[in-house]
Structure formats: C-alpha cells, structure tokens
Amino acid sequence: MRIMRVEKTLVSTNRIEGLGHRPLLVVREKPGGTPLVAVDAVGCVPGDWVICVGSSAAREAAGSKAYPSDLTIVGIIDHWEGE
Amino acid sequence: MEIMRVVDELVATQRVSGLQKESLRVLENLKGKLSVATDAVGAPPGEWVITASGSAARYAMPDPSVITDLTIIGIIDHWEDDGGKTDG
C-alpha cells in the first residue's frame with residue numbers, strides 16, 4: 001500500500017456505470033508528483049494523508065470483486081508529515 | 001487509476017477474437033508515454049480521460065471476458081495539464 005495525499009475531487013459525469021456513485025479523488029505521492037485517481041471508500045477531504053491500496057484488493061475495498069478500480073483509499077492517516 | 005489524453009482512434013482489423021469488436025484508442029499519459037486502451041465510454045480524440053489498468057480494466061468493460069489491461073472508464077469534465085510534458 002502507499003501513502004498519498006488527497007488533492008481534490010475529480011468530476012467525471014460521463015463515466016461507466018460500474019463506478020456507481022463512489023467519489024473519485026486526485027491523489028499524489030508528493031507535491032508535484034504524478035497525479036493518480038483513487039476511489040474514495042472512507043470519505044476524505046482535500047489535504048488528508050491517506051493509505052491507498054492497488055490490484056485486486058482495490059476492487060474489494062471499493063465494494064465488490066468486480067468493482068472497476070485499481071487504486072482505492074482505505075484509510076486516513078491520523079498523523080503524517082509529508083517530506 | 002491514471003489520467004490520460006485520447007490521442008486518436010486505433011484500427012486493428014486483424015486481431016485475436018478475445019478483443020471482440022471493442023474500439024481501441026491511443027492514449028498519452030501525463031509523462032507523454034503512449035498506450036492503447038479499450039474504450040467503455042466512447043471518448044473522442046483530445047479528451048482527458050480516466051483509465052483503469054490490470055484486471056480492473058476487464059471488469060470495467062461491459063463484457064469482462066474482453067482481454068484488455070487498460071480501459072477508459074470516464075471522461076474528465078475539466079482538467080488542465082499543469083506542466084510536466086507540454087506537447088505544444
């Protein structure tokens with residue numbers, strides 16, 4: 001799993017049905033790093049440091065084995081100062 | 001998931017049956033790397049899209065038996081490329 005920081009919500013009105021109503025958030029490992037998109041399974045706000053999981057675990061964390069996610073936020077870190 | 005831009009459609013008439021009749025798109029990621037994805041939403045060239053990779057790409061397709069490892073799962077309403085690879 002990886003530590004990342006939530007930047008903002010990513011709005012995609014035209015998206016596949018399988019995503020349901022889960023919010024998609026832009027996350028970065030470090031400021032200026034490449035932004036990735038994660039499914040929010042815990043309810044984060046921009047600025048939170050979070051734990052992201054990938055591969056098949058990302059699907060189950062987002063809802064079901066068939067959920068089309070390859071990166072899901074599974075936890076908000078209580079205290080973490082980014083380098 | 002990754003953020004990519006649709007460069008163009010890709011036609012490959014001679015293909016394995018596992019790809020069925022899925023339309024293919026050439027995509028460019030934020031670092032300028034090209035890749036090919038199946039398209040589950042019908043994204044036209046020039047649009048910024050969200051892609052799912054690995055086995056999630058197969059579940060993103062209406063028919064998960066399609067053999068893909070990258071699928072476009074949504075078109076981003078608004079995204080500005082903040083530097084990095086500027087393609088002029």
Side-chain angles (χ1 to χ4, degrees), chain A residues 1-42 44 46-47 50-74, chain B residues 1-6 22-25 27-35 37-87:
Chain A
M1 285 176 283
R2 291 154 50 174
I3 295 174
M4 304 191 112
R5 187 166 206 193
V6 176
E7 185 174 307
K8 61 180 178 184
T9 303
L10 192 66
V11 178
S12 168
T13 325
N14 187 347
R15 63 197 222 168
I16 58 169
E17 211 194 327
L19 286 172
H21 301 291
R22 289 265 187 219
L24 295 175
L25 301 181
V26 178
V27 289
R28 290 182 201 252
E29 224 150 4
K30 53 185 184 310
T34 311
L36 292 173
V37 179
V39 171
D40 181 3
V42 284
C44 312
V50 293
I51 305 167
C52 292
V53 69
S55 79
S56 63
R59 295 203 304 275
E60 267 190 71
S64 73
K65 281 208 167 66
Y67 190 92
S69 167
D70 63 17
L71 190 66
T72 303
I73 297 171
V74 291
Chain B
M1 276 67 74
E2 281 181 71
I3 295 166
M4 297 199 191
R5 196 172 57 84
V6 180
E22 296 306 333
S23 54
L24 302 175
R25 298 282 188 273
L27 303 180
E28 184 183 33
N29 71 8
L30 291 171
K31 294 204 177 80
K33 193 166 85 64
L34 294 181
S35 50
T38 49
D39 187 353
V41 285
E47 291 280 1
W48 287 98
V49 294
I50 307 166
T51 59
S53 64
S55 49
R58 301 187 66 171
Y59 287 108
M61 293 301 290
D63 168 6
S65 70
V66 171
I67 46 158
T68 175
D69 67 354
L70 191 68
T71 300
I72 297 172
I73 63 172
I75 300 173
I76 300 174
D77 288 26
H78 172 70
W79 180 261
E80 76 280 340
D81 189 3
D82 52 5
K85 166 129 187 16
T86 47
D87 47 15

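Residue numbers start from 1 in every chain, and the chains themselves are labelled A, B, ... in the order their sequence lines are given, proteins ahead of strands. Just so you know, these numbers use all the heavy atoms, side chains as well, and skip hydrogens, waters and symmetry mates.
Interface remark: of the candidates A/L24, A/L71, A/V11, A/V11 forms the most heavy-atom pairs closer than 4.5 Å to chain B. Taking chain A as the reference chain and counting heavy-atom pairs below 4.5 Å, the highest number among B/I3, B/V41, B/I73 is found for B/I73.
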**Request:** Evaluate the side chain to side chain contact (heavy atoms under 4.5 Å, CB included) criterion for residues A/L10 and B/I76: first the C-alpha distance (whole Å), next the side-chain angles of each, then the deciding distance (0.1 Å), finally the verdict.
**Result:** CA-CA 7 Å; A/L10 192 66; B/I76 300 174; 3.8 Å; yes
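In this structure, chain B has heavy atoms under 4.5 Å from both the backbone and the side chain of A/V39. Heavy-atom distances place the side chain of A/L19, and not its backbone, under 4.5 Å from chain B.
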Taking donor and acceptor roles from the modelled atom types, list the N and O pairs under 3.5 Å across chain B and chain A.
| residue | atom | partner | partner atom | Å |
| --- | --- | --- | --- | --- |
| B/M1 | N | A/V37 | O | 2.6 |
| B/M1 | N | A/D70 | OD1 | 2.7 |
| B/M1 | O | A/V37 | N | 2.7 |
| B/K31 | NZ | A/T34 | OG1 | 2.9 |
| B/S53 | N | A/D70 | OD2 | 2.7 |
| B/S53 | OG | A/D70 | OD2 | 3.0 |
| B/S55 | OG | A/R59 | NH1 | 2.7 |
| B/I73 | O | A/I16 | N | 2.9 |
| B/I75 | N | A/S12 | OG | 3.4 |
| B/I75 | N | A/N14 | O | 2.9 |
| B/I75 | O | A/S12 | OG | 2.8 |
| B/D77 | N | A/V11 | O | 3.0 |
| B/D77 | OD1 | A/T13 | N | 2.9 |
| B/D77 | OD1 | A/T13 | OG1 | 3.1 |
| B/D77 | OD2 | A/T13 | OG1 | 2.4 |
| B/D82 | OD2 | A/R28 | NH2 | 3.0 |

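Considering all non-hydrogen atoms of both residues, B/A52 and A/P68 come closest at CB-O, 4.2 Å.
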